[in-house]
Amino acid sequence: MGSMEEECKGEAVAGGMKARAWAAKDKTGSLEPFDLQLRAIGAEDVVVEVLFCGICHTDLHQLRDDYGSSRYPMVAGHEVTGLVYDMGDEAKHVFSKGDRVGVGCIVGSCGDCSACGEGIEQYCKQKKWTYNDVYYDGNPTQGGFSDYMVVNYRFVVHIPKNLPLDAAAPLLCAGITVYSPMKFYGMDSASKGKTCGVMGLGGVGHMVVKFAKAFGLHVTVISSSPSKEREACEVLGADAFLLSSDDLKMKAAEQTLDFIIDTIPSVHPLEPYLDLLKVNGKLVMVGVVPGPMQFVTPMLILGRRSIGGSFIGGIQEMQEMLNLVAEKDIRCMIEVVPIDYINKALERLEKNDVRYRFVVDMTGKAFEEEG
Ligand code: NAP
Ligand code: ZN
Ligand code: ZN
């Protein structure tokens with residue numbers, strides 16, 4: 001890893017390294033270069049040289065202050081892959097320089113509560129978000145659109161050798177967001193042959209297709225985009241495609257699905273989708289909708305249906321998912337872009353113009369030859 005260190009651009013300064021990041025200064029959400037002071041490396045910290053960072057729709061929500069809780073300057077990005085550049089003494093028990101690693105949506109939790117005890121630290125009340133949060137030392141947390149990050153080693157995972165670091169990046173959020181509820185709600189190989197729908201074929205949604213197929217489920221994409229039909233079936237491997245605006249086909253598909261995962265990021269009616277569920281069917285919401293949603297209760301009652309929710313997954317579960325993805329050779333479909341394309345990529349993401357995840361090449365190496 002000598003060459004990696006020689007090429008390193010991070011500068012050691014009093015307190016910690018300085019990183020070159022991209023930050024939004026306000027709710028226009030437009031990113032620009034930003035000098036970021038990282039914290040000094042603590043005993044449990046890992047310094048990650050960021051090579052790739054995916055762009056999740058949550059980044060868009062946060063950058064544009066859709067939830068009214070955004071803090072600026074904001075360095076977004078929580079689908080991070082890279083190499084271990086340095087680490088504190090405690091972290092050395094688990095990581096070595098040059099290890100291929102990933103960081104997802106959270107970078108801290110209390111370690112004491114029942115959620116932490118159960119390995120579902122994503123539900124810890126004192127968890128720390130990777131960015132747009134205040135860390136235990138009182139400083140803002142900042143995300144992966146940066147050349148380096150300092151993260152407690154308990155929130156860093158190993159990326160298996162046969163997973164390319166660019167295509168692995170979306171697994172750190174989109175992948176685990178799908179894998180965790182699929183396991184929890186019983187949409188895994190124990191339900192082989194059952195039917196699963198996914199609302200919204202974007203970064204998260206396309207991972208539903210990938211995992212559902214890996215678990216042996218029959219998967220239907222329910223989409224607002226007719227242009228995605230061919231690719232959904234021929235490339236991603238979906239078994240069926242339903243255009244949500246096609247009332248006749250939606251009616252014909254009533255009571256055919258055991259499960260649905262809803263990834264739509266904006267307010268939408270639930271009734272047409274609840275109608276697709278069989279008796280005892282489950283609809284799991286993962287889309288973070290910035291507004292109240294409505295449905296009439298007989299939609300649930302007259303079919304013993306349920307609506308649930310789910311937020312990413314635990315760190316151990318994330319490692320389990322990465323190992324399974326490596327074993328089964330599941331691949332995210334990505335579009336790799338350079339960092340100076342990021343504002344354009346966010347614009348395109350907002351317009352639903354990405355197949356299916358933008359991944360930023362933070363070092364620009366993928367573009368050097370073209371350039
Ligand atoms: P994305 O890539 O933008 O995909 C969302 C998909 O939803 C789009 O591709 C589109 O699919 C559909 N869609 C978009 N706007 C729509 C609209 N107005 N009406 C109907 N359908 C629409 O977003 P993502 O990164 O997958 O994220 C999806 C949501 O999950 C976001 O709200 C994000 O914040 C949330 N999220 C939650 C978690 C969690 O842990 N729960 C983790 C990650 C992300 P079609 O073209 O097929 O209709
Ligand atoms: Zn995300
Ligand atoms: Zn806790």
Side-chain angles (χ1 to χ4, degrees), residues 57 174 177-178 181-182 185-187 191-310 333 348-357:
H57 205 107
T177 295
V178 167
M182 289 187 92
Y185 289 99
M187 304 177 213
S191 292
K192 197 169 175 204
K194 289 204 173 180
T195 49
C196 172
V198 53
M199 295 160 58
L201 190 63
V204 175
H206 95 291
M207 292 312 298
V208 177
V209 180
K210 295 272 179 173
F211 280 116
K213 289 318 293 173
F215 291 140
L217 303 180
H218 179 283
V219 59
T220 300
V221 169
I222 311 154
S223 170
S224 62
S225 308
S227 63
K228 293 183 184 173
E229 175 163 9
R230 228 185 79 190
E231 199 167 61
C233 298
E234 290 176 13
V235 180
L236 295 177
D239 299 290
F241 185 92
L242 260 179
L243 191 59
S244 51
S245 56
D246 186 333
D247 295 338
L248 281 179
K249 291 214 169 108
M250 288 288 282
K251 183 111 193 93
E254 277 180 9
Q255 301 217 15
T256 58
L257 300 177
D258 294 295
F259 308 103
I260 298 178
I261 298 186
D262 181 353
T263 80
I264 297 174
S266 50
V267 174
H268 53 282
L270 275 180
E271 274 95 352
Y273 302 100
L274 287 169
D275 264 338
L276 300 176
L277 287 174
K278 292 180 185 173
V279 171
N280 297 330
K282 296 181 178 123
L283 183 142
V284 181
M285 309 222 49
V286 297
V288 188
V289 175
M293 302 268 290
Q294 286 186 337
F295 61 92
V296 292
T297 60
M299 302 291 310
L300 298 187
I301 295 167
L302 302 175
R304 202 162 57 183
R305 295 161 172 152
S306 44
I307 298 180
S310 187
M333 208 165 144
R348 283 183 50 198
L349 178 62
E350 188 172 31
K351 290 189 192 137
N352 192 6
D353 173 23
V354 52
R355 302 277 169 95
Y356 286 87
R357 195 54 126 202

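Quick note: residue numbers are just sequence positions, from 1.
- Between the CG atom in Leu276 and the CE atom in Met250 there is a gap of 4.5 Å [rounded to 0.5 Å].
- Residues satisfying the ring-ring contact (aromatic ring centres under 6.0 Å, His included) test with Phe259, not counting sequence neighbours, are none.
- When all heavy atoms of Ala174 and Gly203 are compared, the closest pair comes out as CB-O, 3.7 Å.
- Going from atom OH of Tyr356 over to atom CD of Glu231 covers 3.5 Å, rounded to the nearest 0.5 Å.
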### Task
Applying side chain to side chain contact (heavy atoms under 4.5 Å, CB included), run through Met187 and Val284 and close with a yes or a no.
CA-CA 11 Å; Met187 304 177 213; Val284 181; 3.7 Å; yes

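- With sequence neighbours left out, the side-chain hydrogen bond (donor to acceptor under 3.5 Å, both in side chains) criterion links Lys251 to Glu254.
- The salt bridge (charged side-chain N to carboxylate O under 4.0 Å, His left out) pairs that include a residue from residues 213-224 are Lys213-Asp239, where partners are two or more places apart or lie in different chains.
- Between the side chain of Arg348 and the main chain of Asp353, a donor-acceptor pair closer than 3.5 Å is present.
- Annotation: the span from Asp246 atom CG to Ile222 atom CD1 amounts to 12.5 Å, rounded to 0.5 Å.
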### Task
Given side chain to side chain contact (heavy atoms under 4.5 Å, CB included), test Lys194 with Phe215 step by step and report yes or no.
CA-CA 10 Å; Lys194 289 204 173 180; Phe215 291 140; over 6 Å; no

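- Pairing each heavy atom of Ser191 with each of Leu217, the nearest pair is O-CD2, 3.0 Å.
- Contact between Asn352 and Ser225 at its shortest, heavy atoms only, is ND2-OG, 3.4 Å.
- When all heavy atoms are compared, the tightest approach of Met199 to Thr263 is O-OG1, 2.8 Å.
- For the pair Lys228 (side chain) and Ser223 (backbone), a donor-acceptor distance under 3.5 Å is absent.
- Of the possible donor and acceptor atoms, one in the side chain of His206 sits under 3.5 Å from a partner among the backbone N and O of Met333.
- The side-chain hydrogen bond (donor to acceptor under 3.5 Å, both in side chains) check on Glu229 picks up nothing, with sequence neighbours excluded.
- Sorted by first then second residue, the side chain to side chain donor-acceptor pair (under 3.5 Å) pairs that include residues 273-286, not counting sequence neighbours, are Asp258-Lys278, Asn280-Arg304.
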### Query
Under the side chain to side chain contact (heavy atoms under 4.5 Å, CB included) criterion, do Ile307 and Leu270 qualify, and how do the steps go?
CA-CA 10 Å; Ile307 298 180; Leu270 275 180; 4.2 Å; yes

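- Atom CE in Met285 sits 8.0 Å away from atom CD1 in Ile264 (nearest 0.5 Å).
- One finds the CG atom of Leu274 at 7.0 Å from the CD1 atom of Ile260 (value rounded to the nearest 0.5 Å).
- Shortest non-hydrogen contact noted between Ala232 and Phe241 is CB-CD1, 3.9 Å.
- Looking at every heavy atom in both residues, Leu257 comes nearest to Thr195 through CA-OG1, 3.3 Å.
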### Message
With side chain to side chain contact (heavy atoms under 4.5 Å, CB included) as the criterion, how do Val204 and Ile261 come out once you've worked through the C-alpha distance, each side chain's angles and the decisive distance to 0.1 Å?
### Response
CA-CA 10 Å; Val204 175; Ile261 298 186; 5.7 Å; no

Distance-only donor-acceptor pairs under 3.5 Å for side chains of residues 286-302, two or more places apart:
none

